[in-house]
Amino acid sequence: VCSGHGACKSYDQCVCSNSSFIGSNCEACAPGYIGIYCNETSDIVEIKAIILGIKTVGKCKSIVLDGSTSTISNKDPLVYEWTLIYGPDLNLASFISSQNDPILTLPSNISIGEYRVSLNVKSTSGHQSTNVYHEFQKLNQSIIYASIVGAEKQVVYASESLVLTGSYSNPCNELVSTPSFKWSLESGQN
């Protein structure tokens with residue numbers, strides 16, 4: 001099969017450029033079908049910018065925005081362009097625009113308020129995505145994170161007991177009273 005590299009004799013017959021192999025079903029050439037030749041450079045290239053990140057950030061936490069799942073169909077290397085659209089910390093705009101990595105880490109000491117950041121990805125061959133946006137809020141207080149230590153799905157029979165341990169983290173190390181944990185059974189029988 002031609003797979004986008006070779007001369008199309010007809011819609012379903014092509015000669016691959018790297019050998020004299022003649023294959024049927026030239027559909028891989030169809031997007032770049034110009035006259036009787038398959039032209040890889042005219043194929044449609046799909047490029048998509050994607051931002052993953054949290055929406056609410058406590059005052060002592062840094063903000064991590066992840067553009068690494070952005071994609072391009074022709075596997076070209078990507079260039080990442082981050083932009084601050086709005087936010088109370090104007091000094092952050094030049095820092096953000098100077099970053100070209102897929103992961104954008106903002107410092108924990110940015111001003112309190114709401115922010116909007118955009119990402120545009122470009123390929124080294126000149127293709128470009130549309131902008132995507134991510135909004136987040138930097139809080140004036142810390143967020144205490146609670147979790148169940150060693151949590152995993154388990155089968156427990158009625159005659160058995162299960163011990164769960166709760167833990168919490170306080171990124172700001174502020175003096176707060178020890179939190180109390182309220183346990184509830186979300187599924188299964190009581």
State the [atom1]-[atom2] distance between [X] and [Y], to the nearest 0.5 angstrom.
X      : Y      : atom1 : atom2 : result
Glu114 : Gln137 : CD    : CD    : 5.0 Å
Leu92  : Ser111 : CG    : OG    : 8.5 Å
Asn140 : Lys59  : CG    : NZ    : 6.0 Å

Please tell me if the side chains of [X] and [Y] come closer than 4.5 Å, counting only heavy atoms from C-beta onward.
X      : Y      : value
Val64  : Ile103 : yes
Lys122 : Glu81  : yes
Ile47  : Ser73  : no
Tyr133 : Val117 : no
Tyr115 : Leu65  : no
Leu119 : Ser70  : yes

request  = Establish, for the pair Arg116 and Tyr86, whether the NZ or CZ atom is under 6.0 angstrom from the six-membered ring centre and no further than 45 degrees off its axis.
outcome  =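 Not satisfied by the 6.0 Å and 45° rule.
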Would you confirm whether [X], through its side chain, and [Y], through its main-chain N or O, come within 3.5 Å as a donor-acceptor pair?
X      : Y      : value
His134 : Ile54  : yes
Trp82  : Ser98  : no
Lys138 : Ser108 : yes
Gln99  : Ile96  : no
Ser97  : Thr83  : no

ask   = When hydrophobic residues are tied together by side-chain contacts of less than 4.5 Å, even through go-betweens, does Leu104 share a cluster with Ile63?
value =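 Same cluster.
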Candidates Val121, Val132, Asp66, Thr69 - the one meeting side chain to side chain contact (heavy atoms under 4.5 Å, CB included) with Ile50 =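 Exactly one candidate clears the test, Thr69.
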Contact summary for [X] and [Y], nearest pair of heavy atoms:
X     : Y      : answer
Tyr80 : Ser68  : OH-CA, 4.4 Å
Ser62 : Val57  : O-CG1, 4.1 Å
Ile72 : Ser123 : CD1-CB, 3.3 Å

inquiry  = Go through it in stages, so that I can follow the logic: the residues are Asp89 and Phe95, the test is side-chain contact (heavy atoms from CB on, under 4.5 Å), and I'd like the CA-CA distance, side-chain angles, deciding distance and then a yes or no.
reply    = CA-CA 11 Å; Asp89 196 336; Phe95 171 77; over 6 Å; no
task = Using the test side-chain hydrogen bond (donor to acceptor under 3.5 Å, both in side chains), find all partners of Asn120 that sit at least two apart in sequence or belong to another chain.
result =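 Checked Asn120 against side-chain hydrogen bond (donor to acceptor under 3.5 Å, both in side chains); matches are Asn131.
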task = Answer yes when Lys55 and Glu135 have at least one side-chain N-carboxylate O distance shorter than 4.0 Å, and no when they do not.
result =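 The answer is no: the pair does not qualify as a salt bridge.
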query = Is the number of heavy atoms from other residues, nucleotides or ligands within 6.0 Å of CD (Glu46) greater than 12?
reply =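 No.
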